[in-house]
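Order of the sequence lines fixes the chain letters, A, B, ..., with proteins taken first and strands second; residue numbering starts at 1 for each chain.
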Amino acid sequence: GAGVSQSPRYKVAKRGQDVALRCDPISGHVSLFWYQQALGQGPEFLTYFQNEAQLDKSGLPSDRFFAERPEGSVSTLKIQRTQQEDSAVYLCASSLDGGQPQHFGDGTRLSIL
Amino acid sequence: QKEVEQNSGPLSVPEGAIASLNCTYSDRGSQSFFWYRQYSGKSPELIMFIYSNGDKEDGRFTAQLNKASQYVSLLIRDSQPSDSATYLCAPLTGGGNKLTFGTGTQLKVEL
């Protein structure tokens, strides 16, 4: 079946605007993860869902970051009042269950001007 | 001490040679380990995972794990130019759900 799908692929926003990034996981995958990757670094964990439950949000950098997965499938990562330091690639991954291999989408490259 | 340490490279090997990529980790509770390949401008692609001490082979790739030494490695045999990429080591941490990545090792396979 199809892999993890993320949209948009690229997003440019002005500082202070709100943005919403979408992730559609592999069909049947219970677990969904968001990561943030800065240039030249490995991805860093943001948050984790098992079905619709957000079980770990310890990596969210501030209360401007909010993620949801209301029906246990598609997830949205929202960033309010964006700052320049939010510029990064946001990666979504899904897995059959929590400890299983995670498969990544193509990511959303966010640029804050 | 970083949670996951990798030599950033670049590691240059001639075509056909064996490339050896190393990784150490600090979380003794980690039980599962993953190697991802990332081409420039692309997302990470899973290439190997290993759960038990010892070696695991898949085609040209061999993953090695030593939990006592908190060390995991990836060997790539018969390296090809298409193997040129950044290789990310990632144990599952935080109770076994989230991946913690190293900064990656850049591999260059030269003709």
Any side-chain to backbone donor/acceptor pair from [X] onto [Y]? Under 3.5 Å, distance only.
| X | Y | value |
| --- | --- | --- |
| B/Tyr36 | A/His103 | no |
| B/Ser43 | A/Gly107 | no |
| A/Gln102 | B/Asn97 | yes |

Side chain, backbone, both or neither: which part of [X] has a heavy atom under 4.5 Å from chain B?
| X | value |
| --- | --- |
| A/Asp56 | side chain |
| A/Ser58 | side chain |
| A/Gln50 | neither |

Should we say atom [atom1] of [X] is surrounded by more than 12 heavy atoms from elsewhere, each under 6.0 Å from it?
| X | atom1 | value |
| --- | --- | --- |
| B/Tyr71 | OH | yes |
| B/Ile18 | CD1 | no |
| B/Lys56 | NZ | yes |
| A/Arg15 | CZ | no |
| A/Leu39 | CG | no |
| A/Glu85 | CD | yes |

Report whether [X] and [Y] are members of the same hydrophobic cluster (ILVMFWY, side-chain heavy atoms less than 4.5 Å apart, transitive linking).
| X | Y | result |
| --- | --- | --- |
| A/Tyr48 | B/Leu46 | yes |
| B/Leu92 | A/Leu91 | yes |
| B/Met48 | B/Val13 | yes |

Which of the residues [options] is involved in the greatest number of heavy-atom pairs with chain B at under 4.5 angstrom?
| options | result |
| --- | --- |
| A/Pro43, A/Gly98, A/Ser31, A/Gly105 | A/Pro43 |
| A/Gln100, A/Gln41, A/Gln37, A/Glu44 | A/Gln37 |
| A/Gly42, A/Ala93, A/Gly59, A/Ser95 | A/Gly42 |

Go through it in stages, so that I can follow the logic: the residues are B/Phe101 and A/Phe45, the test is side-chain contact (heavy atoms from CB on, under 4.5 Å), and I'd like the CA-CA distance, side-chain angles, deciding distance and then a yes or no. CA-CA 9 Å; B/Phe101 286 87; A/Phe45 171 81; over 6 Å; no
Interchain contact, [X] with chain A, by part (heavy-atom threshold 4.5 Å):
| X | value |
| --- | --- |
| B/Gln38 | side chain |
| B/Lys42 | neither |
| B/Leu99 | both |

Could you pull out the closest heavy-atom pair between B/Tyr51 and A/Pro101, with the gap in Å? OH-CD, 3.8 Å
